[in-house]
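One structure below.
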Amino acid sequence: MISRRNLLKNTVRIIGGIALPLSAFRIIDPKEIFAAYNDGTKVRWVFLVDTYKCVGCGMCVKACKLENEIPYDANVTRTWVERYVLTKDGNVLADSPKGARDGFTNPRIDLGLGQYADIKPAEIDKAFFVPKLCNQCDKPPCVQVCPVGATYQVPEGVVLVDRTWCIGCGYCIMACPYGVRFFHPKYHTAEKCTYCYHRITKGMTTACVAACPFGARRIGNIKDPNDPVTKIIMTERVGILKEEYGTKPQNYYIGLSKEVK
Amino acid sequence: MKSHVYRPLWVVLGLVAIVLVFRFFYVPKNFGVGERGYMYGWHRAANEADWKNFTVKYKGNSDYCNSCHPDKYESIMKTPHAIIICEDCHGPALEHPENPPKLAIEKSRDLCLRCHTYLAYPTSGRAKIRGIDPDAHNPGMECVMCHNPHNPMEGLR
(Lines give C-alpha, C1' and ligand atoms only; values in the text may rest on other atoms or scores of the structure.)
Protein backbone atom coordinates (compact mmCIF):
# COMPACT_ATOMS: atom_id res chain seq x y z
CA MET A 1 0.00 0.00 0.00
CA ILE A 2 1.55 3.33 -1.11
CA SER A 3 1.27 6.26 1.20
CA ARG A 4 0.19 9.71 0.05
CA ARG A 5 3.59 11.10 1.04
CA ASN A 6 5.48 8.53 -1.08
CA LEU A 7 3.16 9.02 -4.03
CA LEU A 8 3.80 12.78 -4.07
CA LYS A 9 7.56 12.28 -3.54
CA ASN A 10 7.85 9.80 -6.40
CA THR A 11 5.71 11.91 -8.70
CA VAL A 12 7.97 14.93 -8.19
CA ARG A 13 11.07 12.77 -8.73
CA ILE A 14 9.82 11.15 -11.91
CA ILE A 15 8.49 14.35 -13.49
CA GLY A 16 11.65 16.19 -12.51
CA GLY A 17 13.78 13.39 -13.94
CA ILE A 18 11.91 13.34 -17.24
CA ALA A 19 12.02 17.12 -17.59
CA LEU A 20 15.81 17.34 -17.14
CA PRO A 21 17.65 16.32 -20.28
CA LEU A 22 20.94 14.50 -19.87
CA SER A 23 22.81 17.34 -21.52
CA ALA A 24 21.96 19.59 -18.55
CA PHE A 25 24.43 17.58 -16.46
CA ARG A 26 27.29 18.18 -18.90
CA ILE A 27 29.73 20.92 -18.05
CA ILE A 28 30.20 23.15 -21.08
CA ASP A 29 33.73 23.79 -22.23
CA PRO A 30 34.20 27.30 -23.78
CA LYS A 31 36.73 25.84 -26.21
CA GLU A 32 34.08 23.48 -27.53
CA ILE A 33 31.69 26.37 -28.18
CA PHE A 34 34.42 28.32 -29.93
CA ALA A 35 35.24 25.32 -32.11
CA ALA A 36 31.60 25.00 -33.14
CA TYR A 37 31.70 28.54 -34.55
CA ASN A 38 35.15 28.11 -36.02
CA ASP A 39 35.32 25.99 -39.16
CA GLY A 40 38.99 25.17 -38.64
CA THR A 41 40.43 27.53 -41.24
CA LYS A 42 42.97 30.06 -40.11
CA VAL A 43 42.20 32.61 -42.82
CA ARG A 44 39.10 34.66 -43.58
CA TRP A 45 39.77 37.43 -46.06
CA VAL A 46 38.14 40.81 -45.44
CA PHE A 47 38.49 44.17 -47.11
CA LEU A 48 38.85 47.59 -45.51
CA VAL A 49 38.12 50.80 -47.45
CA ASP A 50 38.92 54.25 -46.10
CA THR A 51 36.64 56.67 -47.94
CA TYR A 52 38.47 59.67 -46.45
CA LYS A 53 41.66 58.63 -48.21
CA CYS A 54 40.18 57.80 -51.63
CA VAL A 55 40.71 60.61 -54.14
CA GLY A 56 38.99 58.95 -57.10
CA CYS A 57 42.10 58.45 -59.26
CA GLY A 58 40.77 55.09 -60.48
CA MET A 59 44.22 53.43 -60.57
CA CYS A 60 42.64 50.48 -58.73
CA VAL A 61 40.09 49.96 -61.50
CA LYS A 62 42.77 50.12 -64.19
CA ALA A 63 45.02 47.69 -62.31
CA CYS A 64 42.13 45.28 -61.69
CA LYS A 65 41.16 45.21 -65.35
CA LEU A 66 44.74 44.55 -66.49
CA GLU A 67 45.49 42.01 -63.76
CA ASN A 68 42.31 40.01 -64.20
CA GLU A 69 42.05 40.19 -68.01
CA ILE A 70 38.76 42.07 -68.11
CA PRO A 71 38.44 43.57 -71.64
CA TYR A 72 39.68 47.13 -71.11
CA ASP A 73 37.18 49.00 -73.27
CA ALA A 74 34.10 46.96 -72.38
CA ASN A 75 31.95 48.84 -69.86
CA VAL A 76 32.23 46.12 -67.21
CA THR A 77 34.56 45.99 -64.25
CA ARG A 78 35.11 43.91 -61.12
CA THR A 79 35.74 46.95 -58.97
CA TRP A 80 34.68 50.54 -59.45
CA VAL A 81 34.69 53.89 -57.67
CA GLU A 82 31.57 55.94 -57.07
CA ARG A 83 31.56 59.70 -56.56
CA TYR A 84 28.97 61.20 -54.22
CA VAL A 85 28.25 64.92 -54.18
CA LEU A 86 25.79 66.17 -51.54
CA THR A 87 24.63 69.71 -52.16
CA LYS A 88 23.56 72.27 -49.56
CA ASP A 89 19.93 72.11 -50.78
CA GLY A 90 19.76 68.39 -49.99
CA ASN A 91 20.39 66.80 -53.40
CA VAL A 92 22.45 63.62 -53.64
CA LEU A 93 24.29 63.19 -56.94
CA ALA A 94 26.35 60.10 -57.69
CA ASP A 95 28.21 58.87 -60.76
CA SER A 96 30.87 56.42 -61.83
CA PRO A 97 31.72 57.00 -65.51
CA LYS A 98 33.26 53.79 -66.98
CA GLY A 99 33.49 52.55 -63.38
CA ALA A 100 36.11 55.30 -62.85
CA ARG A 101 38.57 53.39 -65.03
CA ASP A 102 40.01 56.77 -66.09
CA GLY A 103 39.44 58.45 -62.74
CA PHE A 104 37.42 61.57 -62.09
CA THR A 105 38.95 64.36 -64.15
CA ASN A 106 35.91 66.63 -64.39
CA PRO A 107 33.78 68.36 -61.75
CA ARG A 108 30.66 67.66 -63.87
CA ILE A 109 28.47 64.83 -62.57
CA ASP A 110 27.47 62.27 -65.21
CA LEU A 111 23.70 61.80 -64.82
CA GLY A 112 23.50 59.28 -67.68
CA LEU A 113 21.72 59.59 -71.03
CA GLY A 114 24.19 62.31 -72.05
CA GLN A 115 23.11 64.66 -69.27
CA TYR A 116 25.50 66.33 -66.86
CA ALA A 117 25.14 68.38 -63.70
CA ASP A 118 27.46 71.28 -62.99
CA ILE A 119 27.77 71.79 -59.25
CA LYS A 120 29.56 74.94 -58.07
CA PRO A 121 32.04 74.40 -55.20
CA ALA A 122 30.03 76.81 -53.02
CA GLU A 123 26.95 74.54 -53.29
CA ILE A 124 28.76 71.40 -52.10
CA ASP A 125 28.09 70.23 -48.57
CA LYS A 126 29.96 66.94 -48.71
CA ALA A 127 31.69 65.15 -51.57
CA PHE A 128 33.62 61.93 -51.44
CA PHE A 129 34.57 58.77 -53.32
CA VAL A 130 33.53 55.22 -52.45
CA PRO A 131 35.38 52.26 -53.98
CA LYS A 132 33.24 49.16 -54.42
CA LEU A 133 34.01 45.51 -55.05
CA CYS A 134 32.60 42.10 -54.17
CA ASN A 135 31.77 41.84 -50.45
CA GLN A 136 32.58 38.09 -50.33
CA CYS A 137 29.52 37.74 -48.08
CA ASP A 138 29.37 35.15 -45.30
CA LYS A 139 25.88 34.27 -46.60
CA PRO A 140 26.30 34.80 -50.35
CA PRO A 141 22.92 34.89 -52.16
CA CYS A 142 24.70 34.48 -55.51
CA VAL A 143 25.97 31.05 -54.43
CA GLN A 144 22.59 29.92 -53.13
CA VAL A 145 20.80 30.62 -56.41
CA CYS A 146 23.30 28.92 -58.75
CA PRO A 147 21.41 25.96 -60.23
CA VAL A 148 24.51 24.07 -61.45
CA GLY A 149 27.05 24.52 -58.63
CA ALA A 150 29.29 26.75 -60.75
CA THR A 151 29.75 29.41 -58.09
CA TYR A 152 30.91 28.50 -54.63
CA GLN A 153 32.69 29.79 -51.56
CA VAL A 154 36.15 28.59 -50.61
CA PRO A 155 36.91 28.04 -46.89
CA GLU A 156 38.80 31.36 -46.78
CA GLY A 157 35.58 33.14 -47.66
CA VAL A 158 36.20 34.11 -51.29
CA VAL A 159 33.35 33.41 -53.72
CA LEU A 160 34.56 32.08 -57.08
CA VAL A 161 32.95 31.21 -60.40
CA ASP A 162 33.83 28.01 -62.30
CA ARG A 163 33.98 29.26 -65.90
CA THR A 164 33.81 25.77 -67.40
CA TRP A 165 30.75 24.88 -65.33
CA CYS A 166 28.75 28.16 -65.56
CA ILE A 167 25.86 27.97 -68.00
CA GLY A 168 25.37 31.74 -68.12
CA CYS A 169 21.82 31.79 -66.77
CA GLY A 170 22.44 35.05 -64.91
CA TYR A 171 20.58 34.12 -61.71
CA CYS A 172 23.59 35.13 -59.60
CA ILE A 173 23.84 38.49 -61.37
CA MET A 174 20.21 39.16 -60.42
CA ALA A 175 20.66 37.84 -56.87
CA CYS A 176 23.61 40.01 -55.85
CA PRO A 177 22.28 43.02 -53.93
CA TYR A 178 25.53 44.89 -54.56
CA GLY A 179 25.53 44.53 -58.35
CA VAL A 180 29.10 43.28 -58.45
CA ARG A 181 28.48 40.50 -60.98
CA PHE A 182 28.38 40.79 -64.75
CA PHE A 183 28.85 38.65 -67.84
CA HIS A 184 32.42 38.34 -69.03
CA PRO A 185 32.38 39.65 -72.62
CA LYS A 186 34.81 36.96 -73.79
CA TYR A 187 33.82 33.85 -71.84
CA HIS A 188 30.08 34.64 -71.63
CA THR A 189 30.00 33.37 -68.05
CA ALA A 190 29.29 35.12 -64.76
CA GLU A 191 32.27 37.18 -63.62
CA LYS A 192 33.12 38.75 -60.29
CA CYS A 193 35.85 40.05 -58.04
CA THR A 194 37.92 37.22 -56.53
CA TYR A 195 39.94 39.40 -54.09
CA CYS A 196 42.70 38.45 -56.59
CA TYR A 197 42.60 34.86 -55.29
CA HIS A 198 45.67 33.98 -57.40
CA ARG A 199 47.63 36.71 -55.61
CA ILE A 200 46.43 36.47 -51.99
CA THR A 201 47.03 32.70 -51.94
CA LYS A 202 50.66 33.45 -52.89
CA GLY A 203 51.09 35.92 -50.03
CA MET A 204 50.74 38.97 -52.28
CA THR A 205 48.20 41.73 -51.92
CA THR A 206 45.42 42.33 -54.45
CA ALA A 207 46.12 44.35 -57.60
CA CYS A 208 43.78 47.17 -56.50
CA VAL A 209 45.41 47.41 -53.08
CA ALA A 210 48.87 47.49 -54.67
CA ALA A 211 47.85 50.15 -57.17
CA CYS A 212 46.24 52.48 -54.62
CA PRO A 213 48.79 55.20 -53.78
CA PHE A 214 46.78 56.54 -50.84
CA GLY A 215 46.19 53.41 -48.78
CA ALA A 216 42.43 53.73 -49.20
CA ARG A 217 42.10 50.00 -49.88
CA ARG A 218 43.45 47.26 -47.64
CA ILE A 219 42.95 43.52 -47.40
CA GLY A 220 43.34 41.53 -44.21
CA ASN A 221 42.64 38.31 -42.38
CA ILE A 222 39.88 38.76 -39.78
CA LYS A 223 40.93 35.54 -37.98
CA ASP A 224 44.38 36.94 -37.21
CA PRO A 225 44.06 39.26 -34.18
CA ASN A 226 47.44 40.86 -34.96
CA ASP A 227 46.50 41.83 -38.50
CA PRO A 228 46.41 45.67 -38.70
CA VAL A 229 43.18 45.49 -40.74
CA THR A 230 41.54 43.28 -38.08
CA LYS A 231 42.61 45.71 -35.36
CA ILE A 232 40.96 48.61 -37.18
CA ILE A 233 37.73 46.66 -37.81
CA MET A 234 37.59 45.57 -34.16
CA THR A 235 38.40 48.89 -32.54
CA GLU A 236 37.32 51.68 -34.91
CA ARG A 237 33.98 52.76 -36.35
CA VAL A 238 33.40 50.93 -39.59
CA GLY A 239 30.27 50.40 -41.67
CA ILE A 240 29.08 47.77 -44.10
CA LEU A 241 26.81 48.07 -47.14
CA LYS A 242 23.15 46.95 -47.17
CA GLU A 243 23.22 45.27 -43.77
CA GLU A 244 19.42 44.77 -43.97
CA TYR A 245 19.83 42.09 -46.64
CA GLY A 246 21.41 39.73 -44.12
CA THR A 247 24.20 38.71 -46.47
CA LYS A 248 26.93 39.47 -43.89
CA PRO A 249 29.20 41.41 -46.29
CA GLN A 250 32.91 41.43 -45.47
CA ASN A 251 33.97 44.77 -46.94
CA TYR A 252 34.26 47.31 -44.12
CA TYR A 253 34.16 51.03 -44.81
CA ILE A 254 35.63 53.84 -42.74
CA GLY A 255 33.64 57.06 -43.12
CA LEU A 256 30.60 55.46 -44.73
CA SER A 257 27.70 57.88 -45.21
CA LYS A 258 24.01 56.95 -45.22
CA GLU A 259 23.66 58.20 -48.80
CA VAL A 260 25.92 55.40 -50.03
CA LYS A 261 23.85 52.48 -51.24
CA MET B 1 5.10 -11.24 -71.20
CA LYS B 2 4.03 -9.14 -74.15
CA SER B 3 1.69 -6.36 -73.30
CA HIS B 4 1.23 -2.89 -74.69
CA VAL B 5 0.78 -1.76 -71.09
CA TYR B 6 4.46 -2.48 -70.24
CA ARG B 7 5.92 -0.84 -73.35
CA PRO B 8 5.97 2.77 -71.96
CA LEU B 9 7.60 1.42 -68.79
CA TRP B 10 10.54 0.01 -70.76
CA VAL B 11 10.89 3.35 -72.59
CA VAL B 12 11.01 5.29 -69.31
CA LEU B 13 13.51 2.85 -67.75
CA GLY B 14 15.65 3.12 -70.88
CA LEU B 15 15.67 6.91 -70.69
CA VAL B 16 16.64 6.82 -67.01
CA ALA B 17 19.51 4.45 -67.82
CA ILE B 18 20.75 6.72 -70.63
CA VAL B 19 20.72 9.77 -68.32
CA LEU B 20 22.59 7.87 -65.61
CA VAL B 21 25.24 6.62 -68.04
CA PHE B 22 25.65 10.13 -69.53
CA ARG B 23 25.90 11.62 -66.06
CA PHE B 24 28.53 9.08 -65.02
CA PHE B 25 30.85 10.14 -67.85
CA TYR B 26 29.97 13.86 -67.99
CA VAL B 27 30.14 14.96 -64.33
CA PRO B 28 33.76 15.30 -63.15
CA LYS B 29 34.88 13.02 -60.34
CA ASN B 30 35.77 15.96 -58.08
CA PHE B 31 32.37 17.59 -58.40
CA GLY B 32 30.55 17.56 -55.10
CA VAL B 33 29.85 19.25 -51.83
CA GLY B 34 32.81 21.17 -50.44
CA GLU B 35 33.61 22.30 -46.94
CA ARG B 36 31.01 25.07 -46.97
CA GLY B 37 28.18 22.54 -47.17
CA TYR B 38 25.40 21.93 -49.66
CA MET B 39 24.14 25.51 -49.81
CA TYR B 40 27.46 27.26 -50.36
CA GLY B 41 30.07 24.64 -51.23
CA TRP B 42 28.57 22.63 -54.12
CA HIS B 43 31.26 22.83 -56.80
CA ARG B 44 34.01 21.26 -58.89
CA ALA B 45 36.97 21.12 -56.51
CA ALA B 46 39.64 21.40 -59.23
CA ASN B 47 38.42 24.91 -60.05
CA GLU B 48 40.03 26.31 -56.89
CA ALA B 49 43.44 25.34 -58.27
CA ASP B 50 42.52 26.82 -61.69
CA TRP B 51 41.99 30.20 -60.05
CA LYS B 52 45.16 29.90 -57.99
CA ASN B 53 47.15 29.32 -61.19
CA PHE B 54 45.87 32.49 -62.86
CA THR B 55 48.80 34.59 -64.15
CA VAL B 56 50.04 37.33 -61.83
CA LYS B 57 50.76 40.54 -63.77
CA TYR B 58 51.44 43.21 -61.17
CA LYS B 59 54.53 42.70 -59.00
CA GLY B 60 52.74 45.02 -56.60
CA ASN B 61 55.74 46.67 -54.98
CA SER B 62 58.57 48.84 -56.16
CA ASP B 63 61.33 46.71 -54.60
CA TYR B 64 61.26 44.48 -57.68
CA CYS B 65 61.95 47.54 -59.86
CA ASN B 66 64.58 48.84 -57.43
CA SER B 67 66.77 45.76 -57.90
CA CYS B 68 67.68 46.89 -61.45
CA HIS B 69 66.70 50.59 -61.57
CA PRO B 70 67.91 51.97 -58.22
CA ASP B 71 68.56 55.44 -59.73
CA LYS B 72 64.92 55.80 -60.82
CA TYR B 73 63.68 54.36 -57.55
CA GLU B 74 65.73 56.74 -55.42
CA SER B 75 64.78 59.80 -57.48
CA ILE B 76 61.04 59.26 -57.02
CA MET B 77 61.39 58.27 -53.36
CA LYS B 78 62.43 61.85 -52.54
CA THR B 79 59.18 63.34 -53.88
CA PRO B 80 55.50 63.13 -52.87
CA HIS B 81 55.11 60.71 -55.81
CA ALA B 82 56.90 58.07 -53.71
CA ILE B 83 53.48 56.71 -52.70
CA ILE B 84 52.73 55.68 -56.30
CA ILE B 85 53.99 52.23 -57.29
CA CYS B 86 56.09 52.11 -60.48
CA GLU B 87 53.57 49.89 -62.26
CA ASP B 88 50.79 52.50 -62.00
CA CYS B 89 52.52 54.51 -64.76
CA HIS B 90 54.92 51.97 -66.27
CA GLY B 91 52.34 49.20 -66.61
CA PRO B 92 52.30 45.71 -65.09
CA ALA B 93 55.77 44.15 -65.04
CA LEU B 94 54.70 40.56 -65.83
CA GLU B 95 58.03 38.73 -66.42
CA HIS B 96 59.96 41.89 -67.33
CA PRO B 97 62.83 42.04 -68.36
CA GLU B 98 62.30 38.71 -70.23
CA ASN B 99 58.69 39.27 -71.24
CA PRO B 100 57.97 42.02 -72.13
CA PRO B 101 61.54 43.34 -72.64
CA LYS B 102 60.26 46.92 -72.64
CA LEU B 103 57.33 48.35 -70.69
CA ALA B 104 55.07 50.92 -72.37
CA ILE B 105 55.18 54.03 -70.16
CA GLU B 106 51.89 55.86 -69.80
CA LYS B 107 52.86 59.56 -70.16
CA SER B 108 49.50 61.05 -71.09
CA ARG B 109 47.98 64.21 -69.62
CA ASP B 110 44.93 62.12 -68.68
CA LEU B 111 47.03 59.99 -66.33
CA CYS B 112 48.20 63.05 -64.36
CA LEU B 113 44.68 64.52 -64.34
CA ARG B 114 43.34 61.47 -62.47
CA CYS B 115 44.70 63.05 -59.30
CA HIS B 116 45.64 66.61 -60.30
CA THR B 117 42.34 67.89 -61.67
CA TYR B 118 41.32 70.15 -58.81
CA LEU B 119 38.00 69.06 -57.32
CA ALA B 120 36.75 71.14 -54.39
CA TYR B 121 35.53 68.21 -52.31
CA PRO B 122 35.89 69.29 -48.68
CA THR B 123 35.37 65.86 -47.09
CA SER B 124 37.70 63.94 -49.39
CA GLY B 125 41.47 63.63 -49.67
CA ARG B 126 41.16 64.92 -53.22
CA ALA B 127 40.95 68.56 -52.14
CA LYS B 128 44.33 68.26 -50.38
CA ILE B 129 46.19 67.37 -53.59
CA ARG B 130 47.76 70.24 -55.54
CA GLY B 131 45.39 70.46 -58.47
CA ILE B 132 44.83 72.44 -61.64
CA ASP B 133 41.90 73.35 -63.83
CA PRO B 134 42.63 71.33 -67.00
CA ASP B 135 40.84 73.89 -69.16
CA ALA B 136 42.98 76.78 -67.89
CA HIS B 137 46.40 75.21 -67.18
CA ASN B 138 48.15 74.84 -70.59
CA PRO B 139 45.26 72.96 -72.26
CA GLY B 140 46.30 70.41 -74.87
CA MET B 141 49.91 70.21 -73.67
CA GLU B 142 51.39 67.04 -72.24
CA CYS B 143 52.33 67.46 -68.57
CA VAL B 144 55.67 65.71 -69.08
CA MET B 145 56.84 68.55 -71.37
CA CYS B 146 57.41 70.71 -68.26
CA HIS B 147 57.09 68.32 -65.29
CA ASN B 148 59.33 65.35 -64.61
CA PRO B 149 57.01 62.75 -63.04
CA HIS B 150 59.88 61.52 -60.84
CA ASN B 151 60.41 65.10 -59.53
CA PRO B 152 57.38 67.16 -60.56
CA MET B 153 58.44 70.66 -59.47
CA GLU B 154 62.11 70.30 -60.50
CA GLY B 155 63.38 73.65 -61.82
CA LEU B 156 59.90 75.17 -61.91
CA ARG B 157 59.80 77.14 -58.67
Side-chain angles (χ1 to χ4, degrees), chain A residues 39-41 51-59 62-63 66-69 83 85 102-107 121 124-129 139-140 143-144 146 149-155 160-165 194 196-199 201-202 204-207 209-211 213-216 255, chain B residues 28 31-61 80-85 87-89 91-92 94 106 109-129 131 133-135:
Chain A
D39 50 10
T41 53
T51 59
Y52 291 108
K53 288 181 179 166
C54 181
V55 304
C57 66
M59 294 310 294
K62 182 187 174 192
L66 294 175
E67 175 74 30
N68 292 297
E69 296 173 21
R83 162 168 65 181
V85 175
D102 302 329
F104 292 90
T105 57
N106 203 316
I124 297 173
D125 211 0
K126 295 184 208 170
F128 49 90
F129 300 96
K139 305 246 173 266
V143 175
Q144 288 188 38
C146 181
T151 183
Y152 59 97
Q153 191 160 37
V154 300
L160 299 175
V161 180
D162 186 343
R163 280 181 183 159
T164 57
W165 214 239
T194 61
C196 283
Y197 193 60
H198 58 296
R199 296 173 63 91
T201 48
K202 291 184 184 78
M204 305 172 83
T205 184
T206 71
V209 169
F214 302 95
Chain B
F31 187 85
V33 181
E35 288 166 49
R36 279 300 310 267
Y38 186 86
M39 197 183 274
Y40 299 111
W42 193 243
H43 71 299
R44 189 172 63 90
N47 187 243
E48 285 175 39
D50 293 352
W51 277 112
K52 278 180 191 168
N53 296 334
F54 198 77
T55 318
V56 171
K57 281 118 196 148
Y58 276 78
K59 293 291 172 199
N61 65 63
H81 279 179
I83 56 172
I84 306 168
I85 62 163
E87 287 165 308
D88 272 359
C89 307
L94 282 158
E106 159 88 280
R109 185 179 169 91
D110 287 339
L111 184 84
C112 308
L113 291 181
R114 283 167 176 260
C115 294
H116 291 290
T117 303
Y118 181 70
L119 296 176
Y121 293 167
T123 55
S124 152
R126 181 67 170 253
K128 296 182 194 100
I129 300 176
D133 176 358
D135 299 328

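Every chain is numbered from 1 and lettered A, B, ... according to where its sequence line falls, protein lines coming before strand lines.
Highest contact tally toward chain B, considering only A:Thr105, A:Val154, A:Asp125, A:Val143, is held by A:Thr105 [criterion: heavy-atom pairs under 4.5 Å]. Interface remark: of the candidates A:Asp102, A:Ile124, A:Leu160, A:Asp102 forms the most heavy-atom pairs closer than 4.5 Å to chain B. Contact count against chain A (heavy-atom pairs under 4.5 Å) is highest for B:Tyr58 among B:Phe31, B:Trp42, B:Tyr58. Between chain A and the residues B:Asp110, B:Asp133, B:Thr55, B:Asp50, the most heavy-atom pairs under 4.5 angstrom are made by B:Thr55. Counting heavy-atom pairs closer than 4.5 Å to chain B, the top residue among A:Thr51, A:Thr205, A:Thr164 is A:Thr164. Contact count against chain B (heavy-atom pairs under 4.5 Å) is highest for A:Pro140 among A:Pro107, A:Gly58, A:Pro121, A:Pro140.
The line from CH2 of A:Trp165 to NE2 of B:His43 is 12.5 Å long, rounded to the nearest 0.5 Å. Atom OG1 of A:Thr206 is separated from atom OH of A:Tyr197 by 15.0 Å, given to the nearest 0.5 angstrom. Note: A:Cys57 SG to B:Ile84 CD1 = 8.0 Å, rounded to the nearest 0.5 Å.
Interface remark: A:Met59 contributes backbone and side-chain atoms alike to the contact with chain B (heavy atom separation under 4.5 Å). Residue B:Leu111 touches chain A through its side chain alone, counting heavy-atom pairs closer than 4.5 Å. Proximity to chain B involves both the backbone and the side chain of A:Lys139, based on heavy atoms less than 4.5 angstrom apart. Residue A:Cys54 touches chain B through its backbone alone, counting heavy-atom pairs closer than 4.5 Å. Both the backbone and the side chain of B:Leu113 come within less than 4.5 Å of a heavy atom in chain A. Proximity to chain B is limited to the side chain of A:Thr201, based on heavy atoms less than 4.5 angstrom apart. In this structure, the portion of B:Lys59 lying under 4.5 Å from any heavy atom of chain A is its backbone and not its side chain. When heavy atoms are compared at a cutoff of 4.5 Å, A:Asn68 approaches chain B by way of both its backbone and its side chain. Looking at A:Thr151, only its backbone comes within 4.5 Å of chain B, counting heavy atoms on both sides. Both the backbone and the side chain of B:Thr123 come within contact range of chain A, with heavy atoms under 4.5 Å apart. There is no contact between A:Val209 and chain B, counting heavy-atom distances below 4.5 Å. In this structure, chain A has a heavy atom under 4.5 Å from the side chain of B:Leu119, while its backbone stays farther away.
In this structure B:Trp51 satisfies the side-chain hydrogen bond (donor to acceptor under 3.5 Å, both in side chains) test together with B:Asn47, sequence neighbours excluded. Taking the ring-ring contact (aromatic ring centres under 6.0 Å, His included) definition, one finds that A:Phe129 meets it with A:Phe104, B:Tyr121, sequence neighbours left out.
One finds no salt bridge joining B:Arg114 and B:Asp88 here, because no Lys/Arg side-chain nitrogen approaches an Asp/Glu carboxylate oxygen to under 4.0 Å. For B:Lys57 and B:Glu87, the salt-bridge test fails: no basic side-chain N is under 4.0 Å from an acidic carboxylate O.
Judged purely by atom type and a 3.5 angstrom limit, B:Arg126 uses its side chain to pair as donor or acceptor with the backbone of B:Cys115.
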(request) Carefully, step by step, assess B:Val56 and A:Met204 under the rule side-chain contact (heavy atoms from CB on, under 4.5 Å). (result) CA-CA 10 Å; B:Val56 171; A:Met204 305 172 83; 3.8 Å; yes

(request) List the steps, then state whether side-chain contact (heavy atoms from CB on, under 4.5 Å) holds for A:Asn106 with B:Thr117. (result) CA-CA 7 Å; A:Asn106 203 316; B:Thr117 303; over 6 Å; no

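B:Phe54 CZ: more than 12 foreign heavy atoms inside a 6.0 Å radius.
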